[in-house]
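These notes are about the structure you will find just below.
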Amino acid sequence: MKMIERETWAEVILDYRRLFRWGVKREIEVPMPNTPLAVSIVGPRRAGKTFLMLQTMGELVGSGIPESRVVYINFEDPRLTDVTLDDLMVFLEVLNEMHPDDAGETRYFFLDEVQNVPGWERFVRYLLDFDNRVFVSGSSSKLLSKEIATQLRGRSISVGVFPFSFREFLKARGEKLPKYLSTEEKAKVTALLGEYLEWGGYPEAVLNPELRMEVLRSILDLAVYRDIVERWGIRNVSAIRLLLKMLARSSHLTLSKAYSTLKSLGVSVGKGTLADYMEYLSDAFILYRLPPYVKSYKKAELLGFKPYLVDSGLLRILGVTDRGRLLENTVFMELIRRGFTPGEDLFYFPSEGGEVDFIAGEEAIQVTYEIHPFNRERELKPLLKAANSCGARTLKVITFAQRETLGLKGRKIEIVPLLRWLL
């Protein structure tokens, strides 16, 4: 295999030093370790990982770190196709030749889409051993700290980057949020909330609203083809596309139900392969599977999971227009941004009289577009069951616009409008 030329490495290093660093400042804190640690920046494609890296680089240079010690490499650059560990060692040699005075100093390496390099963990360990700071990014959940702790010997921490939160969405649209709003201002923000609910927060879609359908389709195509079809060598592309539509439109799903549905549509795919497809969608941060709050593994398998996608805009282009479904997906992703993890401290609560959408730590959260006389009992009663079974201390119903505090059988239930909860 042909190695990458030294001149090519020098060109890449200098080109990326001039990258444009404009964009909406994210409300995401990137830790700056005082000791040699790798910071793993992970999330779906086109959610803003690269910009967050560039933003962090700009802050480092602004704080007085010489620009020559802040190094960015994108491993999806076509000049770096099939890069190897030997190539990376040549890259370091070229860097030292370009800046010999920095050779013994702490450098800050930003390695974008690093999962494309076989054995990248060994290179990162090498950099850390020489007192450098390393920031890696990628659109694979394998880069989460719990996944790479072994390879990096526990020397890693993770930062999740997702499409814009509603606060970031408003910032991108040039909207300021004072503590109090006039009737006119509140109406405008509520209209923007409706747009966010339907079209989500992918930065390119938010900043190009007239092109958002095309942008979202291209994001989904890229994620499916690059991160799943190409990475895993999938031949049955139609099966994974149908599965994705099914996941988008299902409130609950089991592997057996997905298999039966695809079989009825004439799609031939084994259960094991189907399970792999779901794992690939999860690994690429497209799909999240929320398990039930039950102790029995067998019962959990029988009940199945609740599927959510990383952004409601993806639901929209997959044909989902129901605002209740879009609202629930929006709430789920906000819980993910707040640090909850499905299967660890985030579940749904099943019961015979109805379920609770989310058990998030010590909080039971029901989500419905609105509370009215026909659904009131169905939405509220399961919250009391969850309080007794799960020990939930706070009971909440998130609606699009209603606000009220209720008392039911000695427990307080707070009905919160989405706008207030998100902000």
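Counting from 1, the numbers follow the sequence of the chain as shown.
Relative to the ring axis of Trp421, Arg403 does not place its NZ or CZ within 45° and under 6.0 Å from the centre. A cation-pi arrangement, defined by a distance under 6.0 Å to the six-membered ring centre and an angle within 45 degrees of its axis, is absent between Arg46 and Tyr202.
The aromatic ring centres of Phe169 and Phe164 sit 6.0 Å or more apart. Between Tyr293 and Phe347, the gap from one ring centroid to the other is short of 6.0 Å.
Going from atom CG of Leu253 over to atom CG of Leu287 covers 9.5 Å, rounded to the nearest 0.5 Å. In this structure, CG on Leu111 lies 6.5 Å from CE on Met53, to the nearest 0.5 angstrom. The CG atom of Leu170 lies 9.5 Å from the CZ atom of Arg173; values are rounded to the nearest 0.5 Å. For the atom pair CG (Leu80) and CD (Glu113), the distance works out to 13.0 Å, reported to the nearest 0.5 Å. To the nearest 0.5 Å, atoms OG1 (Thr321) and CG (Leu326) are separated by 7.5 Å. Summarising the geometry, atom CD belonging to Glu11 is positioned 11.5 Å from atom CD1 belonging to Ile4; distances are rounded to the nearest 0.5 Å.
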Query raised in the report: For Phe332 and Tyr348, what are the C-alpha separation, side-chain angles and deciding distance, and is it a ring pair (Phe, Tyr, Trp, His ring centres under 6.0 Å)?
Result: CA-CA 11 Å; Phe332 174 82; Tyr348 76 88; over 10 Å; no
Report task. Tell me, with the steps shown, if Glu184 and Lys188 meet salt bridge (Lys or Arg N to Asp or Glu O under 4.0 Å). Result -> CA-CA 6 Å; Glu184 183 181 349; Lys188 184 178 181 181; over 6 Å; no
Query - From CA spacing to verdict: side-chain contact (heavy atoms from CB on, under 4.5 Å), Ser351, Phe349 - result: CA-CA 7 Å; Ser351 71; Phe349 176 76; 3.9 Å; yes
Query - From CA spacing to verdict: ring pair (Phe, Tyr, Trp, His ring centres under 6.0 Å), Tyr16, Tyr72 - result: CA-CA 6 Å; Tyr16 283 129; Tyr72 173 88; 5.1 Å; yes
Query raised in the report: Given the rule in the side-chain hydrogen bond (donor to acceptor under 3.5 Å, both in side chains) test, do Ser218 and Asp221 qualify, once you have shown the distances and angles that lead to the verdict?
Result: CA-CA 5 Å; Ser218 73; Asp221 285 344; over 6 Å; no
Requested in this report: Could you give me the CA-CA distance, side-chain angles and deciding distance for Lys171 and Phe166, then say whether side-chain contact (heavy atoms from CB on, under 4.5 Å) is met?
Outcome: CA-CA 9 Å; Lys171 191 187 296 184; Phe166 186 55; over 6 Å; no
Report task. Starting from the C-alpha separation in whole Å, work towards a yes-or-no answer on side-chain contact (heavy atoms from CB on, under 4.5 Å) for Gln366 and Lys396. Result -> CA-CA 6 Å; Gln366 197 71 293; Lys396 190 171 288 181; over 6 Å; no
**Report entry** Test side-chain contact (heavy atoms from CB on, under 4.5 Å) applied to Leu303 and Val294, step by step
**Finding:** CA-CA 9 Å; Leu303 288 167; Val294 291; 3.9 Å; yes
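Judged by distance alone, the side chain of Ser260 and the main-chain N or O of Lys257 form no donor-acceptor pair under 3.5 Å. Although no hydrogens or angles enter the test, the distance criterion places no donor-acceptor pair under 3.5 Å between the side chain of Asp227 and the main chain of Ala284. Within the 3.5 Å criterion, the main-chain N or O of Ile365 finds no donor-acceptor partner in the side chain of Asp357. Remark: the backbone N or O of Leu60 is paired with a side-chain donor or acceptor of Ser63 at under 3.5 angstrom. A donor-acceptor pair under 3.5 Å links the side-chain atoms of Asp322 to the main chain of Gly324, judged by distance alone. Between the side chain of Arg316 and the backbone N or O of Ser312, no donor-acceptor pair lies under 3.5 Å. Side-chain atoms of Lys263 do not come within 3.5 Å of backbone N or O of Val269 as any donor-acceptor pair. Judged purely by atom type and a 3.5 angstrom limit, Arg235 has no side-chain atom pairing as donor or acceptor with the backbone of Val229. Not one N or O on the side chain of Trp9 forms a donor-acceptor pair closer than 3.5 Å with the backbone of Leu88. Here the side chain of Thr56 pairs a donor or acceptor atom with the backbone of Leu52 at under 3.5 angstrom.
Side-chain contact between Leu335 and Leu346 is present, with heavy atoms from C-beta onward closer than 4.5 Å. Two residues are said to be in side-chain contact when any heavy atoms from C-beta on lie closer than 4.5 Å; Leu383 and Ile413 meet this criterion. Side-chain contact between Thr399 and Val416 is absent, with no heavy-atom pair separated by less than 4.5 Å. In this structure, Met57 and Leu54 have side chains that are in contact, with non-hydrogen atoms separated by less than 4.5 Å. For the pair Ser165 and Glu334, the minimum side-chain heavy-atom distance is below 4.5 Å. Using a 4.5 Å heavy-atom cutoff, the side chains of Ser137 and Val114 are not in contact. Looking at Lys49 and Phe51, their side chains never come closer than 4.5 Å, going by heavy atoms from C-beta outward.
The aromatic rings of Tyr280 and Tyr277 sit tilted relative to each other, their planes meeting at an angle between 30° and 60°.
Test Phe340, Tyr308, Tyr288 against Phe358 for ring pair (Phe, Tyr, Trp, His ring centres under 6.0 Å) and you get one pass: Tyr308. Results of the side-chain contact (heavy atoms from CB on, under 4.5 Å) test with Leu318 over Leu216, Leu247, Leu220 single out Leu220 as the only residue that passes. Between Arg212 and the choices Glu198, Glu204, Glu195, the salt bridge (Lys or Arg N to Asp or Glu O under 4.0 Å) rule is met once, by Glu195. Checking each of Arg337, Lys25, Arg26 against Glu168 for a side chain to side chain donor-acceptor pair (under 3.5 Å) leaves exactly one that passes, namely Arg26.
Neither side chain, Thr273 nor Asp276, offers a donor N or O lying under 3.5 Å from an acceptor on the other. For Thr50 and Asp112, the side-chain atoms include at least one donor-acceptor pair closer than 3.5 Å. Residues Arg323 and Tyr369 bring a donor and an acceptor atom of their side chains to less than 3.5 Å of each other. If you check the side chains of Ser256 and Lys271, you find a donor sitting under 3.5 Å from an acceptor. Side-chain contact check for Asn236 and Ser238: at least one donor-acceptor pair (N or O, by modelled atom type) lies under 3.5 Å. Side-chain contact, Arg69 with Thr106: no donor N or O sits under 3.5 Å from an acceptor N or O.
Using a 4.0 Å cut-off between charged nitrogen and carboxylate oxygen, Arg107 and Asp131 do not count as a salt-bridge pair.
Taking all atoms of both residues into account, the shortest heavy-atom contact from Ala275 to Leu255 is N-CD1, 3.8 Å. Considering all non-hydrogen atoms of both residues, Pro163 and Asp311 come closest at CB-OD1, 3.5 Å.
Within 6.0 Å of CD on Glu29 lie no more than 12 heavy atoms contributed by other residues, nucleotides or ligands. By the 6.0 Å contact criterion, CZ on Arg393 is open, its count of non-hydrogen atoms from other residues, nucleotides or ligands being 12 or less.
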